[in-house]
**Q** 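Got a structure here, written out as structure tokens. Questions coming.
The figures that follow rest on heavy atoms only: side chains count, while hydrogens, waters and symmetry mates do not. Residue numbering restarts at 1 for every chain, and letters A, B, ... go by the order of the sequence lines.
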Number of protein chains: 2
Amino acid sequence: MPNRPASMRDVARRAQVSLSTVSRVLRGSAGVAPEVRDRVRTAADELSYAVSRNASGLVTGRTCRVAVVVPSLCPWYFASVVSGLGHALHEVGLDMLVHQAGLLEDWTRALPLRHNSDALVAVALELTEEQCAHAADMAGPVILVGERLPGRASVHIDDHAGTAGATRHLLNLGHTRIAYIGSQTERGMSLSSATRMTGYHEAMAKAGLEPWTVTKTPGPEGGELAVGELLSHQSPPTAVLAESDDVALGAHRALCRSGVPVPETISLMGFDDHDVSSVLGLTTVDQAPQTLGTVAGHLAADLVQGRRPPATRVELPVQIVPRRSTAAPRERRTSP
Amino acid sequence: MPNRPASMRDVARRAQVSLSTVSRVLRGSAGVAPEVRDRVRTAADELSYAVSRNASGLVTGRTCRVAVVVPSLCPWYFASVVSGLGHALHEVGLDMLVHQAGLLEDWTRALPLRHNSDALVAVALELTEEQCAHAADMAGPVILVGERLPGRASVHIDDHAGTAGATRHLLNLGHTRIAYIGSQTERGMSLSSATRMTGYHEAMAKAGLEPWTVTKTPGPEGGELAVGELLSHQSPPTAVLAESDDVALGAHRALCRSGVPVPETISLMGFDDHDVSSVLGLTTVDQAPQTLGTVAGHLAADLVQGRRPPATRVELPVQIVPRRSTAAPRERRTSP
DNA sequence: CCACCGCGTGAAAACGTTGCCATGACACAC
DNA sequence: GTGTGTCATGGCAACGTTTTCACGCGGTGG
């Protein structure tokens, strides 16, 4: 049975000062005699006292808490973002409340956000402006990670540059028949997906080549289906760029099953630098999700503490990670 | 600029009742006329009002929040546990505060736990009883996940049965020279590691075989080193059981590099059912980390709400996941 | 007809902080 | 010696809830 935790009053009694003084000392505000300051500090220490953010939040109106909403914590990508966020928030003394939106169709209503957090970080959630406004109304500043919405603070990677760079990587290797596997749910294509696709389109256009895109469902299944379609073509591509590593994983499985050697016959490239990509030797685009989280955390801290952040919309660069799954096309190799 | 959120007083005004009545309605306590109840409900809805857990916690002494401390969110295993926890807690209306202990040498002191959460779930943290007691003093009931401590609530898998079963799996395939790769940091061996090792030892003893263990550092590096040592032996093992998939991953790499075919020459088995294991075709032991989290969440909910949980110490079963990396030893196959 | 009870409701006192204002001590310039 | 200013400190009213108690109202049993 844990006896009730010490309150500020207890500290005050022990240090022989008033509540106000204890508050001042613990909040670090000036105007306290050094001798008294020390006395209070040791008293608080001896009682292993910590201020109740509950109570202090009540009067200051700030909860020192940031709510993070994420579809799920399981996938590697989300976990990394949240991890980065957690570290960044911890640094500035903010606690992190994690909610998994998962199945909730309308978490902006369902979650106990109001009064309970100073800001909201939405990770990889495709919000309408209306939902976003409602959430902002409930939870203060909203920061989008991995997505964006006009007028809202956001942190995301340069999807366009990512696929454009990836396409160039394949072009530089000598490929000309480069297919792209995109994805789409029944609710349409996410902004991120769409942007990635245009990056590919532009790079192909610049090279004077015909784009070749296949759009399936997200996840490995989509990749498998797409490869089925691509291989049935009379002259299949020599390189495939998948929208994500997840999709690429499916594509890889399908290629293996069909006995198509990677990269000998077909080069395969993903996007994300998923955990398994390094094991598989998949060439991919690193989007440093943890950095994404860290940056979002700093941004949240600025907004919460009323500072004007350096930028309310951050676009982070990406980096190609070359591995075994891409190589020059066979035609070129075999020609003298 | 988000205008100040509605308070209970606003709802009361709009519904033409007193604060007390609004509180009663929103808390679902009986003794309110149905007509009034509805009026309050719609008023609250129209203002999209949510109770401030801050304020209510102040008076009830309960924060409706559970703190989760985890070494890091990045590794797949931790993310899964926390994900399960999050879902279970959400179900019963508890919010989840996530802290990454990471580098903090003494988070029981550093974290703002006191007054700020109703319970503490420590995931995969090797705590001394003293630390645990201090944490309990700060944050209420403590629940250990993946570790255990006499007298403390805990949820963990049956490590012993896991490695014992894994060893039997290899024995059943016909192996007799089965090596075990354990791990240990400079601070000693974790309870979980130790238990896994004894599982192996017992299964070998029961089969009348000599155990053969190698202990290195945790992580893939340890696996690589261990394989180096095992292969240098004049008659290397025909099967290797690694303490974790992480270690097995390193072992796999080292075996591939040395040109030893898996499972033809050496069968390899891990423990955890890590993400990459399915990709690699690694036979392993599934420990359903998400279930671990879910169970811990329910346990936490029970403790927080003062109910006596069915059991304060839960040991979950594990399951062998057979994949490509284990097969009968070659000797047996080649012998007529 | 009165005492009593149950029911629906409101008033008011907590809960543990913070911020503002008041107080007293002391130093300094006049 | 009086006025003015600064500094360290204490007192007190919030903040938004829950909870206890009290109130008024009909109905029921004696």
**Q** What are the bounds, 5' to 3', of the part of DNA chain C that sits under 4.0 Å from heavy atoms of chain B?
**A**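 Result: dG8(C) to dT17(C).
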**Q** Would you mind building the protein contact string for nucleotides 16-27 of chain D? One character per nucleotide, 5' to 3', B for base within reach (heavy atoms under 4.0 Å), S for sugar-phosphate only, - for untouched.
**A** BBBB--------
**Q** With E129(B), which residues qualify under salt bridge (Lys or Arg N to Asp or Glu O under 4.0 Å), at least two apart?
**A**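 Applying salt bridge (Lys or Arg N to Asp or Glu O under 4.0 Å) to E129(B) gives R152(B).
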**Q** Are side-chain N/O atoms of S18(B) and T21(B) paired as donor and acceptor at under 3.5 Å?
**A**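 Yes - a donor-acceptor pair under 3.5 Å links their side chains.
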**Q** Looking only at side-chain N and O atoms, does T291(B) offer a donor or acceptor that is under 3.5 Å from a partner on T294(B)?
**A**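 The answer is no; no qualifying pair exists.
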**Q** Does some side-chain heavy atom of S56(A) sit less than 4.5 Å from a side-chain heavy atom of V51(A)?
**A**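 V51(A) does not reach S56(A) side chain to side chain.
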**Q** Taking salt bridge (Lys or Arg N to Asp or Glu O under 4.0 Å) as the definition, give me every residue that meets it alongside E46(B), ordered by chain and number, with sequence neighbours left out.
**A**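 Once residues adjacent in sequence are excluded, the partners of E46(B) under the salt bridge (Lys or Arg N to Asp or Glu O under 4.0 Å) criterion are R14(B).
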**Q** Any salt bridge between D159(A) and R148(A), counting N to O under 4.0 Å?
**A**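 Salt bridge present between D159(A) and R148(A).
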**Q** Taking atom CZ as the centre, does R187(A) end up with more than 12 heavy-atom neighbours from other residues, nucleotides or ligands that are less than 6.0 angstrom away?
**A**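 Not buried by this count: 12 neighbours or fewer within 6.0 Å.
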**Q** The helix from dC1(C)-dG30(D) to dC30(C)-dG1(D): angle between its terminal axes, five pairs each, to 10°?
**A**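 Taking the rotation axis at each end, their angle is 60°.
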**Q** For a side-chain contact (heavy atoms from CB on, under 4.5 Å) check, start with the C-alpha distance between Q100(B) and H90(A), then their side-chain angles and the critical distance, and finish with the verdict.
**A** CA-CA 9 Å; Q100(B) 297 178 79; H90(A) 180 81; over 6 Å; no
**Q** Between V82(A) and M96(A), does a side-chain contact (heavy atoms from CB on, under 4.5 Å) hold up when you go through it step by step?
**A** CA-CA 9 Å; V82(A) 177; M96(A) 179 172 67; 3.8 Å; yes
**Q** Do you know the tightest heavy-atom contact between A300(B) and I143(B)?
**A**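 Here A300(B) and I143(B) meet closest at CA-CD1, 3.3 Å.
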**Q** Quick check on contacts: within residues 34-48 of chain B, what sits under 4.0 Å from DNA chain C by heavy-atom distance?
**A**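 Residues of residues 34-48 of chain B under 4.0 Å from DNA chain C: V36(B).
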**Q** Would you give the length of the straight line joining atom NE2 of H87(A) to atom OG of S83(A), rounded to the nearest 0.5 angstrom?
**A**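 Separation between the atoms: 5.0 Å.
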**Q** What's the CZ-P distance between R62(A) and dA14(D), to the nearest Å?
**A**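 Atom-to-atom, R62(A) to dA14(D), this comes out as 23 Å.
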**Q** Would the number of heavy atoms belonging to other residues, nucleotides or ligands and lying under 6.0 Å from CZ of R307(A) be above 12?
**A**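 Atom CZ in R307(A) is crowded, with more than 12 foreign heavy atoms closer than 6.0 Å.
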